[in-house]
Amino acid sequence: MNYKALAERLLPGEYPELSYYETLYPPRDLEKGAEVTRLAPSPTGFIHLGNLFAAIANERIAHQSGGILYLRIEDTDLKRKVDGAVEAVKNALRYFDIKFDEGAEIGGDETYAPWYQRQRAEIYRAFVKHLIEEGRAYPCFCTEEELSALREEQTAKKEITGYYGKYAKCRNLTEEEIYKNLDEGKPFVIRLKSMGNPENKHKFHDEIKGDITVIENDQDVVILKSDGIPTYHFAHAIDDHFMRTTLVIRGEEWLASLPIHIELFETLGFERPRYGHNCSLMKQDGSSRRKLSKRKDPELSLEFYRKEGYFARAVKVYMLTLLNSNFEEWYRKNPEAPLESFKFSAGKMSKSGTLFDLDKLNDISKDELSKLSAEEMFDFLKTWADEYDTDAQKGYFADREKMLKVLTLCMGIGGKKRRKDFTTASQAMKFIQFFFERTPQEDEYRVDGATKRAVLTAFLKTFDPADDGQTWFAKVKEAAAANGFAPEMKDYKANPEAYKGSVADVAEILRIATTGRANTPDLCTIQQILGEKETRARLEAQL
RNA sequence: GGCCCCAUGGUCAAGCGGUUAAGACACCACCCUUUCACGGUGGUAUCAUGGGUUCGAAUCCCGUUGGGGUCACCA
């Protein structure tokens, strides 16, 4: 068979010498040990926690080694393309502080561009053509129907499905048959002529999983689709070679196609990058767990976290604790150190699937938010509210001084210990709502109406917003004593039958009357922030 | 189903042949407190299973079971 002529017929035209690409995309000039990693999403526009998970790992590995992180868009499948997707990905990752050095819509060094695979079609074709010339790739004219019939046949016979060995019909087409099909204008794909034998198993070192066994590939996989665009596998080999990727961290769903990639790199004569296959983020689904899926788990999209007002740093810290088990301890010991100074290690990444735990994220969020100053919290909440909170709550930020007082109180700033009541921006807004309007009553008074009115009346008589905490509380005690409640907790505990209740119950009445809630920060301070007029108005409304 | 990966409390997990099997989250109890979602103290709870190897196994080997992934002209 004249492969050269066949190649020309299949992919007509002049293509550069292969060595041209080697000089066009030279090895990167980086320090020894510097890793080049990448994020290579398809432009579906949907980005979830799993993507962020992998992104942080890639980012850390690249940057702590003095290397490069780049963004490549795998747009070989038109069906996956969504307008604005790349922008969305970029924005989402920027929110979580993932910085790319180069890539699609990023700018930076253009040496290894373009970053969209569709724009790299010529490179792929040049190599496919070369493979055909070498007799290592061939055209396949099988239709979808034929292929699925083959699959059924194989399934029925309990044989391995796929296009390989004796089932690779078009692999053995004669020259005449090929040209006849071509002359008839039949569409074709280009397949790799595999030389592997799955009986042969090899040890393979995975940067995350450790030593694993892989079998040789014997599938004549499609490398160039009938539209002239390569499949993922082929594009991966070409791109990661010419973009000079040193380490590929990707989801473990790729483990199964690793044999294909190994053969491709070998056939092309490329040195292959190292690989690390990370476990996927799982979700509890009934009694079992499964990989997070974009279809079923919209609540795990990154957008969800922004809508809820999760603090970006908290999400990042949580991802890091899942990514590297020793991170949590390190962070505890080095609370002030920048996250970048943590020594990230691919080998420390978990081998088994990790269940996403919202409780843990919430705990970390409280912790992170409690470290902010009142001003920082103000900015965080306002930024969030401006974008996501369409309620009247926006007006809360009009009086900056008042809001700062509110935040100072709620966060326990100035006290012995910071409080950790804020989880997210949306939750915080609800938490502080009663400062701006008496919230709908969530808790019933636990006393009868007459008692309530008597207590409120007694308190109102003596109320003076200028009182300090002690004086204020003394007055609460007076109101308690005047109405049959024990002013001292000890007395009440010693002899509960003698009283209607304790000073705590009186405080609760005042609290509910003032705020509509049974749980709030220090009530005296709240009344001061509200001011005399507002406080009196609220209490009188409850008479 | 074939192949591959994985297996310590409810969750994330430390552990690399000898430990009272860390820690964090969640949960429970008590304490502090005018309430509390804050804080403090304590507690419940884990080596999937059966065989080996070894003086000794969570740790090494094999089988079983369970979970996950993958078997496209999708990535």
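Chain letters run A, B, ... following the sequence lines, proteins first, then strands; residues in each count from 1.
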Short N-O contact, A/Glu252 and A/Lys351, less than 4.0 angstrom: no
Minimum-distance nucleotide to A/Lys420 side chain [options: B/C38, B/U34, B/U35]: B/C38
A/Ser365 versus A/Thr423, closest heavy-atom pair with distance: CB-O, 3.2 Å
Out of B/A72, B/G68, B/C38, whichever nucleotide has its closest atom nearest the side chain of A/Asp421: B/C38
Selected nucleotide, minimal atom distance to A/Asp363 side chain, candidates B/C25, B/U35, B/C38: B/C25
A/Asn200 CG - B/C3 P separation (whole Å): 16 Å
Sugar-phosphate only, base, or nothing, as touched by A/Val189 at under 4.0 Å among non-hydrogen atoms: base
B/C47 and B/A7, which share atom name P, separated by this distance in whole Å: 16 Å
Taking only nitrogen or oxygen atoms into account, show me every contact under 3.5 Å that the protein makes with nucleotides 41-44 of chain B, one pair per line with its distance.
none

C1' spacing across the pair B/C16 / B/U8, given as an integer number of angstrom: 14 Å
A/Ala458 to A/Asn483 - nearest heavy-atom pair and separation: CB-ND2, 3.9 Å
Touch class at under 4.0 angstrom, heavy-atom based, for A/Lys201 against every strand present: sugar-phosphate
Aromatic ring proximity, centroids under 6.0 angstrom, A/Phe204 and A/His261: no
Aromatic contact, A/Tyr331 with A/Phe342 (centres under 6.0 Å): no
Touch class at under 4.0 angstrom, heavy-atom based, for A/Arg191 against every strand present: sugar-phosphate
Touch class at under 4.0 angstrom, heavy-atom based, for A/Glu329 against every strand present: nothing
Between B/A72 (P) and A/Trp254 (CH2): distance, integer Å: 13 Å
Residue-phosphate contact under 4.0 Å: A/Lys366 side-chain N/O, B/C25 OP1/OP2: no
P-based separation of B/A58 from B/G50 [nearest Å]: 12 Å
Whole-Å gap separating P (B/C73) and CD1 (A/Ile190): 14 Å
Separation between the C1' atoms of B/G69 and B/C74, rounded to whole Å: 16 Å
Pair A/Val248-A/Arg272, side chain to side chain contact (heavy atoms under 4.5 Å, CB included): steps then yes or no: CA-CA 10 Å; A/Val248 174; A/Arg272 41 160 214 269; over 6 Å; no
SB check A/Lys225 A/Asp227 (cutoff 4.0 Å): no
Atom P, compared across B/C36 and B/C31: separation rounded to whole Å: 12 Å
Summary of protein contacts for nucleotides 5-17 of chain B, nucleotide by nucleotide, where a base hit scores B, a sugar-phosphate-only hit scores S (4.0 Å, heavy atoms): SS----SSSSS--
Residue whose nearest RNA chain B nucleotide is more 5′ - A/Pro521 or A/Tyr232: A/Pro521
Nearest to side-chain heavy atoms of A/Arg80, which nucleotide of B/C3, B/C74, B/A37: B/C74
A/Arg118, A/Arg120, A/Arg38 screened by salt bridge (charged side-chain N to carboxylate O under 4.0 Å, His left out) with A/Asp239, the one that passes: A/Arg120
Watson-Crick and G-U pairing of RNA chain B written in dot-bracket, each distance under 3.5 angstrom, with | for inter-strand partners: ((((((((.[[[..)..(....]]].(((((.......)))))....[[[[[..)....]]]]])))))))....
Closest to the A/Asp77 side chain, choosing from B/A75, B/U34, B/C25: B/A75
Sugar-phosphate, base or nothing in reach of A/Ser502, heavy atoms under 4.0 Å: nothing
Any N/O donor-acceptor pair, A/Arg418 side-chain to B/C38 base, under 3.5 Å: no
NZ/NE/NH1/NH2 to OD/OE distance under 4.0 Å, A/Arg72 and A/Asp240: yes
Sugar-phosphate, base or nothing in reach of A/Met282, heavy atoms under 4.0 Å: sugar-phosphate
Gap between atoms CG and C1', on A/Leu361 and B/A24 respectively (whole Å): 14 Å
Distance-only donor-acceptor test (3.5 Å): side chain A/Thr231, base B/C73: no
Sugar-phosphate, base or nothing in reach of A/Lys477, heavy atoms under 4.0 Å: nothing
With A/Asp421 via side-chain hydrogen bond (donor to acceptor under 3.5 Å, both in side chains) - residues at least two apart: A/Arg419
Pair A/Tyr318 and A/Tyr305, ring centroids less than 6.0 Å apart: no
Minimum-distance pair of heavy atoms, taken over all atoms of A/Arg538 and A/Phe434: NH1-O, 2.8 Å
Name the atoms and distances for all side-chain donor-acceptor pairs under 3.5 Å in residues 138-147 of chain A, with sequence neighbours left out.
residue: A/Tyr138; atom: OH; partner: A/Asp220; partner atom: OD2; Å: 2.6
residue: A/Thr143; atom: OG1; partner: A/Glu145; partner atom: OE1; Å: 3.4
residue: A/Thr143; atom: OG1; partner: A/Glu146; partner atom: N; Å: 3.2
residue: A/Thr143; atom: OG1; partner: A/Glu146; partner atom: OE1; Å: 3.1
residue: A/Glu146; atom: OE1; partner: A/Thr143; partner atom: N; Å: 2.8
residue: A/Glu146; atom: OE2; partner: A/Lys169; partner atom: NZ; Å: 3.0

Separation of B/C38 C1' from A/Leu369 CG (nearest whole Å): 14 Å
Touch class at under 4.0 angstrom, heavy-atom based, for A/Lys417 against every strand present: sugar-phosphate
Spacing of the P atoms in B/U54 and B/U49 (rounded, Å): 23 Å
Separation between the C1' atoms of B/G18 and B/C28, rounded to whole Å: 35 Å
Nearest-angstrom distance, C1' atom, B/G68 to B/C73: 28 Å
Short side-chain N/O contact from A/Lys416 to OP1 or OP2 of B/G39, under 4.0 Å: no
Side chain of A/Glu253 (C-beta onward), nearest among B/U70, B/C73, B/C38: B/U70
Upstream residue (5' side of RNA chain B) when A/Gln117 and A/Thr520 are each assigned their closest nucleotide: A/Thr520
ring-ring contact (aromatic ring centres under 6.0 Å, His included) partners for A/Phe473, two or more places apart: none
Side-chain N,O (A/Arg517) to OP1/OP2 (B/C36) below 4.0 Å: no
Sugar-phosphate only, base, or nothing, as touched by A/Ala507 at under 4.0 Å among non-hydrogen atoms: base
Touch class at under 4.0 angstrom, heavy-atom based, for A/Cys142 against every strand present: base
A/Arg171, A/Glu263, A/Arg136, A/Glu216 screened by side-chain hydrogen bond (donor to acceptor under 3.5 Å, both in side chains) with A/Ser194, the one that passes: A/Glu263
Nucleotide nearest A/Ile215 when distance is taken to its side chain, options B/C3, B/G68, B/U34: B/C3
